[in-house]
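It should be emphasised that the depicted structure is a prediction, and the values quoted were computed from it without experimental measurement. All residue numbers refer to positions in the sequence shown, counting from 1.
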Amino acid sequence: MSRSKDWKDVENSSENQTASHHGSKEQWGTRIGVILAVAGSAVGLGNFLRFPGQAAQNGGGAFLLPYFISLLVLGIPLCWAEWTMGRYGGHHGFNSSPGIFSVVCRNAKARYLAVPALLIPLVIYMYYVVIEAWCLAYAFSYLNGSLMLGDDPEAYGSFFGSFVGSGEGQNGAAFRGESSLLYFVVITFVINFIFIYRGVAKGIETFCRYAIPLMVVCALCVLARVLTLPADKVNEGLGFMWNPDFSALLDSKTWLAASGQIFFSLSVGFGVIVNYASYLKKKDDVVLSGLTACGMNEFFEVCLGGLITLPAAFIFLGAAAGDQGTFGLGFTALPNVFAQMPAGQFFGFLWFFMLFLAAITSSLSMLQPVIAFFEEGFGMQRGASVSLLGIISLSGSGFVMYFSAGLKALDTFDFWVGTFLIFVLAMVQAVIYGWVFGIEQGAKESSQGSHLRIPTVVQYMLKYVVPVYLGLIFIAFAWENVLDKTDPETGAVTQGYLSKIAGDEVILMSLLFIGGTIAFLTVMVHVAGIRWRQQGRFDQME
């Protein structure tokens, strides 16, 4: 086919050629189903644990100003771009990111740009499912009363350290039978793969339709209990979380933290929304659906996470609660809180069961993009693709569990894939939408079936502002974390990630594991492209 052929004719021929795919491909059962599924992918542990900690450390109530600016400038526009490109790719015969990127860019080689869109959800799942198992184990421990350890904070730190094997010299503790973590990871794996095997509509959508409302009920019960504690303590706790410290707005770290929180909490740059949107029908509303999913995520994060986690910890632990990291706040500080709270055993169970539900709605979304690629790229049946993904992801989870001392493997995976590469993928998608796909085509595509239109100013933001904004965040983030930093007053040196890599075997092995996974997925994308070319699925682009 001639390269000079008008793209509109190509588009029409592409839709005709891919009509046969539409009859066999999966689709969402209902609009509310896909909204709940996308919201479920976004609502996770970061909403209830990471957001309160970030706010407390970055100006309290003042943190909300850069937070909502980032939501409007970065989060919602990129979310709309992913919904639009995903549905467009789905109606040109592709559900996997490599295929969608090829169609959107009108170039078969663009599929290589989508390797991070497969790597990110796959590697994040490898360690996220382990944390998910922690939540399930803690919920079970509250049911049998083994986590009611009194008011000694050190007891909860010891419980966590021995359970996950994070102490020095504890590598491989879970495999030596020193804790029950391995059993809970296996249970969590089985639950995840049962639902992912059932597919998009019968598995993911069905689970999220029940899990999201149940999460709301559990969270509201815990919130009601926290807010009915003695009024003076509640007011102090809420004040600690929300009283603004406007001097923090002059610190670049505050803006960086706010942008990062929005970025991660909406699942933008994960490769998930693009895949989910590809299962939409032609006339499904991507604009309103995307906005609704964002709104639900903000409700969980600001209205529930912001009113429960840190205020509850402050009521019992005082200002020291704000110094806890994400895991320290969630798995050491809060259990101490529930032990001192009337009916704490019951509310502790509700809290960690809710965290487990939040985690599993997110982990299910991480599995689907790679499943879609295996099925689409190699013609695998559902059972074969699920089994292959199970073997790959289980090897990564085993790696994370084995190298548990100091949680170094988990932290390395989280930084380089769950942070660094997400920025990279988001920038790639912003450039593709704004400069390759084109904002005119994006406006036309997103308006089909939509009750609302993406404002023109947002389209121009996607083309000009978002890539620059992401670039600045990326540079600032790398500056703060990759290189060594020296305190000008004390001369103390804080190691950056490059120094940590050079001096730690576990971190180096973790990066080699990531590199090996990148190489494997790149080869798979290359082979899938050859197969698609032989099938004539790239003909309309050449």
**Item:** CA sep, side-chain torsions, deciding dist, call: S278, I100, side-chain contact (heavy atoms from CB on, under 4.5 Å)
**Value:** CA-CA 8 Å; S278 71; I100 292 171; 3.9 Å; yes
Show the numbers, then the answer: is there a side-chain hydrogen bond (donor to acceptor under 3.5 Å, both in side chains) between E205 and Y279?
-> CA-CA 12 Å; E205 180 178 345; Y279 299 109; over 6 Å; no
Inset, instruction - Give the C-alpha distance, both sets of side-chain angles, the deciding distance and a yes or no for side-chain hydrogen bond (donor to acceptor under 3.5 Å, both in side chains) between Y469 and S70. - result: CA-CA 9 Å; Y469 191 18; S70 297; 3.0 Å; yes
* Asked: Can you check side-chain hydrogen bond (donor to acceptor under 3.5 Å, both in side chains) on Q459 and Y433, steps first, answer last?
  -> CA-CA 9 Å; Q459 297 286 1; Y433 181 88; 2.8 Å; yes
For this session: For side-chain hydrogen bond (donor to acceptor under 3.5 Å, both in side chains), just list the numbers for E298 and Y67, CA-CA rounded to whole Å, side-chain angles, deciding distance to a tenth of an Å, and then say yes or no.
Result: CA-CA 11 Å; E298 293 309 300; Y67 175 85; 2.6 Å; yes
- [ ] Check step by step if side-chain contact (heavy atoms from CB on, under 4.5 Å) holds for F193 and L367.
- [x] CA-CA 9 Å; F193 278 87; L367 294 168; 4.0 Å; yes
Exercise for review: Check the pair T309 / F51 against side-chain contact (heavy atoms from CB on, under 4.5 Å), numbers first and verdict last.
Suggested key: CA-CA 9 Å; T309 309; F51 170 74; over 6 Å; no
Please report the C-alpha distance between I360 and E132 in whole Å, then the side-chain angles of each, then the deciding distance to 0.1 Å, and finally whether the side-chain contact (heavy atoms from CB on, under 4.5 Å) criterion is met.
CA-CA 7 Å; I360 200 170; E132 193 175 306; 3.4 Å; yes
For a ring pair (Phe, Tyr, Trp, His ring centres under 6.0 Å) check, start with the C-alpha distance between F338 and F347, then their side-chain angles and the critical distance, and finish with the verdict. CA-CA 7 Å; F338 291 125; F347 288 103; 7.9 Å; no
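Within the 4.5 Å cutoff, side-chain heavy atoms of P66 are placed close to those of L249. Annotation: side chain of C294 is in contact with side chain of L266 (closest heavy-atom distance under 4.5 Å). The shortest side-chain heavy-atom distance between I204 and R198 does not fall under the 4.5 Å cut-off. M341 is listed as a side-chain neighbour of L229, based on a closest heavy-atom distance under 4.5 Å. Between I120 and V272 the shortest side-chain heavy-atom distance does not fall below 4.5 Å. The shortest distance between side-chain heavy atoms of F353 and L136 does not fall below 4.5 Å. Within the 4.5 Å cutoff, the side chain of E82 has heavy atoms near those of the V268 side chain. Residues Q368 and V200 meet the side-chain proximity criterion, which asks for heavy atoms closer than 4.5 Å.
Without hydrogens or angle criteria, W83 side chain to L288 main chain gives no donor-acceptor distance under 3.5 Å. Checking side-chain atoms of N235 against main-chain N and O of D232 turns up no donor-acceptor pair under 3.5 Å. At distances below 3.5 Å, at least one donor-acceptor pair connects side-chain atoms of S41 with backbone N or O atoms of V38. Between the side chain of R87 and the backbone N or O of K282 there is at least one donor-acceptor pair closer than 3.5 Å. With hydrogens and angles disregarded, a donor-acceptor distance shorter than 3.5 Å links the side chain of S447 to the backbone of K444. Between the side chain of D414 and the backbone N or O of L410, no donor-acceptor pair lies under 3.5 Å. Judged by distance alone, the side chain of D284 and the main-chain N or O of K281 form a donor-acceptor pair under 3.5 Å. In this structure, W435 contributes its side chain and K463 its backbone to a donor-acceptor pair below 3.5 Å. Judged by distance alone, with hydrogens and angles left aside, the side-chain atoms of S267 form no donor-acceptor pair with the main-chain N or O of F270 at under 3.5 Å. Although no hydrogens or angles enter the test, the distance criterion places a donor-acceptor pair under 3.5 Å between the side chain of T206 and the main chain of A201.
Closest approach of S97 and V274 over heavy atoms only: OG-CG1, 4.3 Å. A pairwise comparison of heavy atoms in A211 and T361 identifies CB-CG2, 3.9 Å as the closest pair. Contact record, A372 with N95: CB-O, 4.2 Å, taken as the closest heavy-atom pair. Between L280 and W28, the closest heavy-atom pair is CD2-CD1, 3.9 Å. Closest of all the heavy-atom pairs between A219 and L304 is CB-CD1, 3.7 Å. Between S362 and G40 the shortest heavy-atom distance is OG-O, 3.2 Å.
Ring planes of F327 and F160: tilted class, angle from 30 to 60°.
Note that CG of L71 is 9.5 Å distant from CD of E301, once rounded to the nearest 0.5 Å. Atom CD1 in I32 sits 5.0 Å away from atom CD1 in I35 (nearest 0.5 Å). One distance of note links CZ of F346 with SG of C221; it measures 6.0 Å at 0.5 Å rounding. Rounding to the nearest 0.5 angstrom, the gap separating the CE atom in M354 from the CD1 atom in I308 is 6.0 Å. Here the straight-line distance linking atom OG1 of T254 with atom CG of D245 works out to 8.5 Å at 0.5 Å rounding. In this structure, W134 CH2 and F184 CZ are separated by 14.0 Å, a value rounded to the nearest 0.5 Å.
No more than 12 heavy-atom neighbours from other residues, nucleotides or ligands sit within 6.0 angstrom of NZ on K253.
Ring centers of F474 and F420: under 6.0 Å apart, within the cut-off. Note: F415 and F477 meet the aromatic proximity criterion, with ring centroids under 6.0 Å apart. Taking the six-membered ring wherever Trp is involved, the centroid distance between the rings of Y138 and F352 falls below 6.0 Å. Two rings, from Y88 and F437, have their centers less than 6.0 Å apart.
A donor atom on one side chain and an acceptor atom on the other are found under 3.5 Å apart for T228 and R225.
Just one residue in the list M85, H92, H91 forms a side chain to side chain contact (heavy atoms under 4.5 Å, CB included) with V103, and that residue is H92.
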